[in-house]
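As the structure is a prediction and not an experimental result, all values here were calculated from the model. Quick note on labels: first sequence line is chain A, next is B, and so on, each numbered from 1.
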Amino acid sequence: MSAKTLRHLIVIGLIALWEILPRTGLIPELFLPSLSSTLRAGWNEAPEYGHALAVTLYEVAISMAIACGGGILLGAIVGSLPRPRVLIMPMVSSLYAVPLVILYPVFTVWLGIGTESKIAFASIYGFLPTMLATAAGIQTIDPQLILAARSMGATMSQRLVRVIIPAAIPTVLSGLRVGGALVIVGVVVSEMLISSAGIGYLISRYRTILDSPHVFAGVLLVLFMAMAFNALIKWIERKAAIWQTGTRAGQSAADDVGSGAVQPAT
Amino acid sequence: MQPLANVTPLKPPPRAGAIEVKNVGQIFKTSTQDVVALDSVSLEIKPGRFVVLVGPSGCGKSTLLMMMAGLRQQTTGTITINGAPIPKPDPDRVGVVFQEASLFPWLTAEENVEFPLALRGVAKAERRAKAQEALKLVGLDGFGKRHPHELSGGMKQRVSIARGLVQDPPVLLMDEPFAALDEQTRMTMGDELLRIWSATGKTVVFVTHSLTEAVYLADEVIVMSARPGRIVDHLQVPLPRPRTYEMLSGDAFGTLRDRIWRHIRKSA
């Protein structure tokens, strides 16, 4: 049996257990409501969840644009110029280790409990790894490639467009993968902490009234959102960077490592 | 038979280049001292010759090659290719082949070969035709759609050579092109290079660490010494062409290799 089929079987098995364990009473419905009751709860409150999803997606989209756009731009500058690299990189690297969620209450004081504070927090949260990866991607380009392009008469701008950017794409994408996942985490976590709308808010509100099926319906939605994002990044990677790992074996290894790396600590 | 005067030949005569290096010196400035990498190097390479540069590490042979390519400027002296200096890379006059991995991994073999043409805005169809021709010349007909990671080390170097030749430059400079290949592939690639060279009639300057490779390939071997880099010997290889594997064990071959080795041992 291939690893892929085995993986699918495990997922199917887990889903089945999710349905069976609560139904047989082995696990109380309060701790883990069955899959069917979770889906029913979500379906019954579909408009509420739909609205919450819209709010969350909006926040994620804006934060993603700021975090990824800004991260790539600044990372490219920092990565290609030695002086800002020496100044900024150590700071950014140590900042990366700080649990930024401690800043969130400050953001709510500055920006209120609406979407602005979520966007600000998630943007900063996702910005750092994107920037670090882009800077690393630019720095680690094989100088031999640039030399070869020069020997063929490539001008400065031709080197940038035809060599530096394509060569940096794989590293930048791996940064986007982590940065984008952190944006989703940032938005949902900040909604759960202090807010009045969004999926995180719904999860948090239903939890306080111990309505487990509705909590898990929200959890499922976040799960789907993260999976959709992951699928999107994978699709872009396949389109843009087939050459990244060279071999098929290397490609699947990178998949495994990559998806493991998107589970950050909050 | 006399050729008819009004018939144009099917193939234009091979474009070969003359290289002249006069009193070239290179000084690297470091914070503590000035390092003389090359000290007053002069040499003349006639069109169509296969010239190999050998010498210990740090003798400046690669530096000299980079200067001929216009990728680096000498501190003193002049270098001319077909009579004109080369202040910056000029792919119309000089093609360069590097050691390894200088193919762009995100492009296919034929896109890699087309790269120098694309830089100058050559139309797609013409680019493709020229790349096909160059790939055919290096024996890679039918491999154009593959990416570098789908090619063996020897095939990658063939693509590099095709890329160096695609603009039909009179001079081909090669910086240890086979250094990363295994022994067998290296021998095969040497023969392939000689075949391509005799088919195109280019002037080739080839840098290597391998004395056997030097004698096997060259018309002339230029031996350099380190610190400061200078030419200590310039010898002709009178072995007939085509070169064969049997020559490697012959007396003439051994004598030449010994002579080079003595120079290198002295300076190392």
Side-chain angles (χ1 to χ4, degrees), chain A residues 72 76 82 86 133-134 136-176 233-255, chain B residues 62 65-72 86-109 111-122 145-151 156 159-160 162-167 169 171-177 180:
Chain A
I72 290 173
V86 173
T134 308
I138 301 269
Q139 264 172 272
T140 52
I141 293 174
D142 188 351
Q144 192 84 0
L145 293 182
I146 296 170
L147 190 67
R150 273 183 61 210
S151 81
M152 292 180 262
T155 62
M156 188 81 118
S157 59
Q158 282 176 326
R159 293 203 291 271
L160 180 71
V161 174
R162 290 176 181 271
V163 182
I164 295 173
I165 289 176
I169 280 177
T171 343
V172 172
L173 275 179
S174 72
L176 281 190
I233 289 284
K234 266 192 185 166
W235 181 78
I236 297 175
E237 269 175 354
R238 258 203 301 280
K239 286 273 157 201
I242 320 164
W243 58 276
Q244 177 182 6
T245 45
T247 59
R248 267 166 201 285
Q251 184 70 56
S252 63
D255 281 352
Chain B
S62 285
L65 201 78
M66 291 301 109
M67 288 173 180
M68 292 177 182
L71 285 165
R72 175 176 274 178
I86 181 140
K88 63 184 175 72
D90 179 0
D92 258 344
R93 283 190 291 164
V94 179
V96 191
V97 177
F98 294 92
Q99 190 181 70
E100 56 167 336
S102 76
L103 294 180
F104 303 114
W106 56 90
L107 299 178
T108 62
E111 285 166 345
N112 264 290
V113 178
E114 286 173 26
F115 192 90
L117 302 173
L119 289 178
R120 335 188 75 214
V122 175
K145 300 284 183 237
R146 300 220 190 161
H147 281 85
H149 67 80
E150 298 169 304
L151 299 171
K156 278 188 234 180
V159 178
S160 289
R163 187 172 68 180
L165 289 171
V166 73
Q167 292 197 85
V171 172
L172 189 63
L173 304 179
M174 308 184 81
D175 189 9
E176 300 191 41

One option among B:Arg120, B:Arg163, B:Met66 has the most heavy-atom pairs under 4.5 Å with chain A, and it is B:Arg163
Got a second to check how far [X]'s [atom1] is from [Y]'s [atom2], nearest 0.5 Å?
X        : Y        : atom1 : atom2 : value
B:Leu119 : A:Met152 : CG    : CE    : 7.0 Å
B:Trp106 : A:Leu145 : CH2   : CG    : 5.5 Å
B:Phe115 : A:Arg162 : CZ    : CZ    : 6.0 Å

What part of A:Leu147 gets within 4.5 angstrom of chain B, counting heavy atoms only: side chain, backbone, both, or neither?
both
Specify the closest pair of heavy atoms between A:Gly153 and B:Pro89, including all atoms of both residues, with the distance to one decimal.
N-CB, 4.4 Å
